[in-house]
Amino acid sequence: MPSTLTLAPAPPSEAAERVRLEVREFLAAELAAGSFETHVDTWLSGVDPAFSRKLGERGWLGMTWPKQYGGHERTAMERYAVTEELLAAGAPVAAHWIADRQSGPNLLRYGTEAQRREILPRIAAGECYFVIGMSEPDSGSDLASIRTRAVRNGDGDWVVDGAKVWTSNAHHSHYAIVLVRTAPADPTARHAGMSQLLVDLSLPGITINPIRILDGGHHFNEVVFDSVVVPGDMLLGEEGAGWHQVTAELAFERSGPERILSTFPLLAAFARRASSEAELATLGRLSARLLALRQLSIRIAAALDRGELPDIPAALVKDVGTTFEADVAEEIRRVVDVPASLDSPDPLGRALAEAQLHQPGYTLRGGTNEILRGIVARGLGLR
Amino acid sequence: MPSTLTLAPAPPSEAAERVRLEVREFLAAELAAGSFETHVDTWLSGVDPAFSRKLGERGWLGMTWPKQYGGHERTAMERYAVTEELLAAGAPVAAHWIADRQSGPNLLRYGTEAQRREILPRIAAGECYFVIGMSEPDSGSDLASIRTRAVRNGDGDWVVDGAKVWTSNAHHSHYAIVLVRTAPADPTARHAGMSQLLVDLSLPGITINPIRILDGGHHFNEVVFDSVVVPGDMLLGEEGAGWHQVTAELAFERSGPERILSTFPLLAAFARRASSEAELATLGRLSARLLALRQLSIRIAAALDRGELPDIPAALVKDVGTTFEADVAEEIRRVVDVPASLDSPDPLGRALAEAQLHQPGYTLRGGTNEILRGIVARGLGLR
Amino acid sequence: MSGGADDTDLVVETVRDVLAGHERSTLTPERRWDAELWAELAQAGLTGVGLPEEAGGSGGELADAVAVVGTLAAGAGAVPVAEQLLVAGPAVLAAGLTLPPVDQPLSVGVSGALRVEDGRLSGTATDVAWAGVVRHLVVPAAGPDGEVLALVDLGDLAASDAANLAGEPRGSYVLDGVPAQVGPVGELRARYALARAVQLSAAAETVLAWTVQYAGERVQFGRPLAKFQGIQVQLAQMAGEVTAVSALVDAAVQRLERGEPVELAAAAAKVRAGAAVDVVARLAHQVHGAIGFTQEHRLHHLTTRMWSWRDEAGNETTWARVLGAAVAGDDPWPALVGIV
Amino acid sequence: MSGGADDTDLVVETVRDVLAGHERSTLTPERRWDAELWAELAQAGLTGVGLPEEAGGSGGELADAVAVVGTLAAGAGAVPVAEQLLVAGPAVLAAGLTLPPVDQPLSVGVSGALRVEDGRLSGTATDVAWAGVVRHLVVPAAGPDGEVLALVDLGDLAASDAANLAGEPRGSYVLDGVPAQVGPVGELRARYALARAVQLSAAAETVLAWTVQYAGERVQFGRPLAKFQGIQVQLAQMAGEVTAVSALVDAAVQRLERGEPVELAAAAAKVRAGAAVDVVARLAHQVHGAIGFTQEHRLHHLTTRMWSWRDEAGNETTWARVLGAAVAGDDPWPALVGIV
């Protein structure tokens, strides 16, 4: 097998199994107390700041970060156990999701000391939420074609004009990390001249417009920047290195348990009633697919923790994993005769409806599968 | 729907239903008499000249051709009914298959009067068999890259040098219609300079080497031409028009019942024992796919009979149909627990083995599915 | 109306004109039906197409009714026309019952547990198409001598407030001795399945056309999407599904037109159309990208309907078992080719 | 042998050297096994790897045995090493029975109807791996107090002459009171399934590598196949399957190494590996084109094996039901993540 695809096993971790049981106990108690209801795809749709703060109080956000920034210096395997337990339970984790998974690590890597001290502890407390400003109305998967630009004014501040779309839950968030052009587009170097800015979403000139998805839910937004003045020290990382920073970030975000487990609450609802041979066979087939993906995902998390960048397997997890997420609904509906409806009296009918209505999103977010297969092809030495 | 995809219904045909019943009766009697055994994929592997002659005697070869050439002037729908009955029964039709389906019509269209009078009645009698000489060892799907060439000598005859591969049953056949270069390759007009020759396979200089497929079966051959002198009047059609003639021919051969029914004998063996809910559901799903493909295929046959050239739907039938042929084995093996083996005491186990071992062939013959999808894309206006 | 292909074209034009006069209903999440569209269709006689004039219909052929249903399905018209013209209306007439006035919506339900005694219908009808909207309802029910067809006037009986994935009403009625006309049940379930297959086929054709159009217009990495081989493969796969569904559904409808038994043809059509939905909807959304995932874009009006329609009137597995049982046995080939 | 990663590398090198000294056996259609290869492997001590020296094995870790089996699977070695090293050998030792000499091939069968009474085995063992070739056989059999493991010396008992799709012998034995050693049956079936999954994983990795190599070399329309986006998509799909199978099989093997119960992990591995076969083999043949369909080309040595191995030792449906039954219930998530 090409060496770009092989992954060493993750080290066994007793600490991870301990915290896994703590989270499970916490979730059982919260469910019993009615503090949340299980839903499908809650890392997109389950916004609940009170729940996020509870996780922060228990030390389950910013888990791997240094203590000086509010983190807990725990292992990647412990963090993995916590996040997959939350997703499997369909708990409302959307408020803090991007900040904890992506923006915090980004700040740790590229942020100034002041930015880290100010923001990271608030993320770890479950009180500060982020959005990612990458896609634009006309850019699609082609990030090099973005047009939002930032120009230095006389005071050394950045003046930002443009618009970003598909920003998850911007209407509940505090900051955006925005990819902008800081130099004019150069057709001979398409990936040059971009930078990342850390933007406070309460700044004057920012408008947040809802983008409703097909079930009518409001999770996404268009964020419009109209001559927004962003302080000069809010550049994240290096000027002109935006493309490089974003590419590394995308590799990170592709392989987590959220690329496998978005529809697990549906699978669980099905498992609670599966009894016929056909149902058990379907449950078994889906379980085997899930277990294989989970092994891959855990191994990638361990590799990332060792400082490796397994971008080819990460792209594979996102490609195969999100297809699996969609297939869960398809396979289950074939063997049960329960109408999918958000109003169903049957939890399985509701979960089927939620899973189906969110389906187009699984494969689209984080780069379309076509893009991912291109990455894999490169990893196989084909490009 | 794009108009390139729509197809009018085939006219109902009582004559077709009559001859269908005659064929069914004939086949039942032959099976009862042990004159043949049912197998999978018999239009490739079931060579039986005696059986072919019986079909000829009954007027079931050359059915639509003019009577003056030994044909029977029956309708395309009657011919369709006969061929699908033969395939569904897994009867040994390989000897005459190419001659009846493809080479005869080719001669009718492009042959000289002498060629027609000499050859067509023998095909219709089930006594004269053909192979197609298109692919070459290095050409693959890229027919424009063929290198076999024919040069006129002083007597006005053609001297042929080169080699053709994947010629089905050349070792049992009398003639080949060979695509050759009659002018040097021109990089600015890749499809120019090719012609078709009608070649008697008993001519000196022709060597036929077996190409065994993965189950060890000998159906394919390499035909090597070493300074073979082909009489000058054996040019088929126009000199230089070979590419055009071949392209039209491929469109014709893509949509017949043999693109759907190669593995029907396996489906039938399964249907004879299906009883559990899972088996009946699988049988029903496969039946629905087959019925849809059959409707398409019949409508295309009727359109061809009206003189239309529905090449886009024909490419779709070949793409979707051959995938179906392969899926038959895959779906059935999932619900039965019968080991696939050529030695199986169980007819289902033998049929599974035959279907599996021939599987790579279904999608490859007649142009790979990639090529076909390109044709469809063009039909959708995408190229 | 006198029938024939020209008349069918005229009917389709009329439906398109009516649809064009309406904003397409954004059903989700408000969940309503399009009363204005229904009124206009009724006004134009389109809610009685294919039902004989002497029974109170507008006359015309079954092919005309199929064309009306397909055109409304492709346009996501939020009205119970498929149920009235292809299912409940013909079933009522085939059972020898009195057709309610065709300007009052008539629908169908095939789930739940219902019984008829002494001309009164009792029990719960679940997953009723357009519950809360229709005036009359046709259901299968257990009678003293086996299953029958029952037609009831719902009056102002309340339905539970539930909807399918597109927001189309799909609620339940609790019936407590409602007076019913009763007759032979006939092929009610098969008609219902075939009607959904007709809608699925029309919707899938439209989704393919939209996706081809989008791929030709949307530029990524400096080229229209349609120029990428990966996208072409996806569109060809969609075209293969759509063409196969279209041919089979059409053939099943022709059986119905010829007055032949249609249960197995309907089963095959529903199975095949249902199986195409995942491929067609998934690839359409994949090619459209994020924009097709939004409520503003037209795509979801059809994809959400397709996801629900394939499960309604019996899903693929239910009908595949019926079909499989008919093909199983010593002579599968004659059994199979006798179906359509 | 003392175990550890370096030793495993050494074992793999040795197996490769032995394989390189042999023409790969063209099993089909002659249907034979590779007695010379077996003799050389036995000579090198490789037919006892992972079995303790005190029991007559060559010592070393389970990981070494897995490496031997994987290497031979990838090389299409026609010898019963997977059966001996991963299934029958360990099962015999776990049951407390006496291991036959490791230079005499030992195999396994799990189908048919067999019973043990007074230390004698009777009935028919069907689908026996390497029937007609092996000297000793391990089977599950019905005993007076439930299922047991039975080990018999077949002597020169004749087997029926049958083969799987790759020509590997898979015949039956009729046993008529053959003396047997008897012990607890343990996880014999799961071990067998896992052994086939190990072979499938190794074969799939090799088929992917061959296909990538071919696509890089074969020129069509003036470019290597690998430059076509359509081909790249197919190779990426294959890579996704192969990588997933590889990770899961590896994790299941680790459970075995740690001495933990392995039934459900083996079930998952067999289901996942079996499900990958259709995708991997079909796309590999598709990319290779006609040449890969010939007997001369190496591809079929692995694809025909993969087609058979996925059905042997229980196909996906059989094991999926076992796995599904274990996950079904009120707490599916803990049940699931406890499996591997």
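A note on names: the letters A, B, ... follow the listed sequences, proteins ahead of strands, and every chain is numbered from 1.
- Contacts between A:L261 and chain D at a heavy-atom distance below 4.5 Å involve the side chain alone, from C-beta outward.
- In this structure, chain A has no heavy atom under 4.5 Å from any part of D:A275.
- A:I312 CD1 to D:T243 OG1: the interatomic distance, rounded to the nearest 0.5 Å, is 10.5 Å.
- The contact list for residues 309-319 of chain D toward chain A, using heavy atoms and a distance under 4.5 Å, reads D:T317 by residue number.
- Sparse packing is recorded around CD of A:E25, with 12 or fewer heavy atoms of other residues, nucleotides or ligands lying under 6.0 Å away.
- Within 6.0 Å of CD on A:E277 lie no more than 12 heavy atoms contributed by other residues, nucleotides or ligands.
- For A:L293, no part sits under 4.5 Å from any heavy atom of chain D, backbone or side chain.
- The interface of residues 328-338 of chain D with chain A, defined by heavy-atom distances below 4.5 Å, comprises D:A328, D:G329, D:D330, D:P332, D:W333, D:P334, D:L336, D:V337.
- Looking at D:L235, the atoms closer than 4.5 Å to chain A (heavy atoms on both sides) sit in the backbone and in the side chain alike.
- Only the side chain of A:F264 comes within less than 4.5 Å of a heavy atom in chain D; its backbone stays farther off.
- With a 4.5 angstrom heavy-atom cutoff, A:L316 touches chain D only via side-chain atoms.
- For the salt bridge (Lys or Arg N to Asp or Glu O under 4.0 Å) condition, the pairs that include at least one residue of residues 269-281 of chain D, sequence neighbours left out, are D:E241-D:R272, D:D278-D:R282.
- Using a 4.5 Å cut-off between heavy atoms, A:R289 touches chain D through backbone and side chain atoms alike.
- Here D:Q237 contributes atom CD and A:D319 contributes atom CG; the two are 7.5 Å apart, rounded to the nearest 0.5 Å.
- The environment of CD in A:E37 is sparse: at most 12 heavy-atom neighbours from other residues, nucleotides or ligands sit within 6.0 Å.
- The salt bridge (Lys or Arg N to Asp or Glu O under 4.0 Å) search around D:R191 returns none, not counting sequence neighbours.
- Neither the backbone nor the side chain of A:L286 comes within less than 4.5 Å of any heavy atom of chain D.
- For the pair D:V249 and A:Q295, the minimum side-chain heavy-atom distance is 4.5 Å or more.
- When all heavy atoms are compared, the tightest approach of A:V320 to D:G240 is CG2-CA, 3.8 Å.
- Put simply, CG on A:L283 and CG on D:L323 are 7.0 Å apart, with the number rounded to the nearest 0.5 Å.
- When A:R273, A:R294, A:R285, A:R20 are compared by the number of non-hydrogen pairs under 4.5 Å with chain D, A:R294 comes out ahead.
- Here A:S287 is the residue among A:S287, A:P313, A:A268 with the most heavy-atom pairs under 4.5 Å with chain D.
- Annotation for A:G284 and D:V271: closest pair O-CG1, 4.5 Å, computed over non-hydrogen atoms.
- Neither the backbone nor the side chain of A:E279 comes within contact range of chain D; no heavy atom of the residue lies under 4.5 Å from a heavy atom of that chain.
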